[in-house]
Amino acid sequence: MNNSGNHIYVIFGASGDLTKRKLVPALYDLFVQDLFPQKFALLGVSRSHFTDEEFREAMKSAILAYKEIDDTTHIEAFIKTVHYHSIQFDDTSTYATLKQRLNTLRTEEKIGGNTVFYLSTPPNLYGIIPQHLAAVGLNNQSDGWKRLIIEKPFGYDLESALILKDKLLKDWNEEQLFRIDHYLGKETVQNLLVTRFSNGIFEPLWNRNYIHHVEITSAESIGVEKRGGYYDSSGALRDMVQNHLLQVAAITAMESPSSLEPAAIRNEILKVFQSIRALKIEDVKTNAIRGQYLESTIKGEHVAGYRNEAGVNPASITETYAALKFYIDNWRWGGVPFYIRTGKRFPTRVTEVVIHFKPTPHFLFSGGSANSACNQLVIRIQPDEGILLKFGMKTPGAGFEVQPVNMDFHYSDLTHQRIPSAYERLIYDSMKGDATLFARTEEVIEAWKFLSPVIESWKNDKEVPLYGYPAGTWGPENSDELIEEKDMTWRYPCKNLSDDGIYCEL
Ligand code: BG6
């Protein structure tokens with residue numbers, strides 16, 4: 001980065017978990033790769049009282065805890081860029097002290113006015129902090145750019161998202177806002193674009209003429225862990241579908257952008273959101289399924305049910321499993337169902353996009369409808385990142401038996417290349433001002449619009465069942481009901497990309 005990229009990176013919520021687990025380790029990785037601008041300072045901001053030295057020690061321990069490091073030379077150099085300032089988030093007068101601190105740092109480090117403000121705080125502060133920053137002029141770009149990074153959730157529903165949007169846009173302009181969806185920072189999600197638009201073989205087939213349906217899964221084996229309090233007011237729909245899964249679906253479905261400019265890519269993503277067929281409230285029952293994990297025994301260990309997790313209401317009706325079926329009403333996708341599901345306490349952690357191709361028009365060979373299962377393109381986001389093509393081959397010997405076989409590529413085969421973390425990529429982009437991989441206001445609003453009937457129905461319609469599923473299983477037993485066609489089920493992916501089935505290694 002050249003001199004014009006010099007800046008101060010301010011993290012609000014600096015004493016929080018995300019800062020320790022993700023943000024500072026990612027910043028450290030960028031530092032090691034020499035991707036910092038010539039002049040740079042990191043300023044941690046939160047309510048707690050720390051001296052610069054104490055905060056540096058805490059960040060050093062975080063880096064050592066979350067990264068495997070033999071040589072600490074880089075840490076010592078990195079940690080010198082770190083500073084700390086304590087404020088009360090809802091007290092305007094303390095923002096004047098923050099401004100003063102920034103001015104001092106700018107003068108001492110000869111940095112100039114460029115500043116990133118990263119809000120890694122509880123969401124109820126997303127309206128408050130930017131407003132206070134603006135009140136003391138810290139949104140003013142006359143002395144250098146100012147960028148605001150906001151973690152999800154962006155609102156709680158359509159109404160609150162619209163209110164937050166108006167609040168932010170009162171003092172900040174859209175170009176200054178960077179909404180993090182860490183899935184967009186995943187190398188394998190970006191590779192979806194490359195797979196689709198740099199290969200002549202996939203794109204001609206990527207439409208309603210050849211694709212039967214698209215299935216997107218994001219499964220987690222963990223439960224809500226220590227985040228019960230947050231999760232219970234959120235649920236799978238808000239936590240994973242509104243943002244991560246709909247973004248992945250949009251990248252799977254979008255048209256080729258005219259260039260790699262952020263606006264070009266984001267315009268195409270937005271068009272997908274605008275083309276998703278609106279659900280009527282009465283259709284929610286048949287197009288969405290919710291579930292909640294129950295206590296169970298996994299590999300000999302007792303696992304608590306969701307309602308018994310710390311911070312969760314014992315009578316909670318919050319879903320830990322959500323599955324949806326929807327259509328994208330445009331020329332490319334007319335009539336092709338998209339199925340998405342996500343859940344906690346699944347048998348394994350896996351995120352993938354599966355393109356199911358249409359079966360051959362005439363089953364020449366034995367296997368009948370089994371042939372329809374043959375052609376799948378699996379784009380594995382995590383783990384065992386890679387791509388798998390499943391197709392039918394002749395079983396050697398007499399006759400024409402067909403068996404499904406795999407052709408696969410694993411990122412791990414590129415042994416010399418490290419896959420950067422999503423936060424590393426997104427933080428770097430925010431430093432450069434590249435908004436391609438950040439969600440734009442309209443996208444977020446469209447996603448909330450689409451989910452509104454589901455949110456409303458799940459909240460108010462007592463007749464919509466909340467199914468229980470034992471922890472360690474693939475969700476409610478009747479989740480296949482969403483997939484209309486006979487003999488079709490969700491895929492049961494395994495830890496290894498090349499395997500699937502209920503009984504594989506997890
Ligand atoms: C977060 C959700 O956005 O994504 C978490 O709040 C979830 O509940 C996490 O566990 C999953 O991210 P990843 O990168 O582990 O798939």
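Residues take their numbers from the sequence shown, with the count starting at 1. It should be emphasised that the depicted structure is a prediction, and the values quoted were computed from it without experimental measurement. Indexing begins at 1, ligand by ligand and atom by atom, following the structure's order.
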Amino acids in close contact with ligand 1, where any non-hydrogen atom sits under 4.0 angstrom away: K152, H182, Y183, K186, E220, R227, D239, M240, H244, K344, R349, Q382
With ring centroids as reference points, do F40 and H7 lie under 6.0 angstrom apart? yes
Between R179 and K152, is any pair of side-chain heavy atoms under 4.5 Å apart? no
Under a 3.5 Å cutoff, is there a donor and acceptor pairing between the side chains of S15 and R47? no
Who are the side-chain hydrogen bond (donor to acceptor under 3.5 Å, both in side chains) partners of D434, not counting sequence neighbours? T436
Residues that A249 engages under side-chain contact (heavy atoms from CB on, under 4.5 Å), provided they are two or more places apart: I216, F326
Listed partners of R380 passing side-chain hydrogen bond (donor to acceptor under 3.5 Å, both in side chains), at least two apart: E352
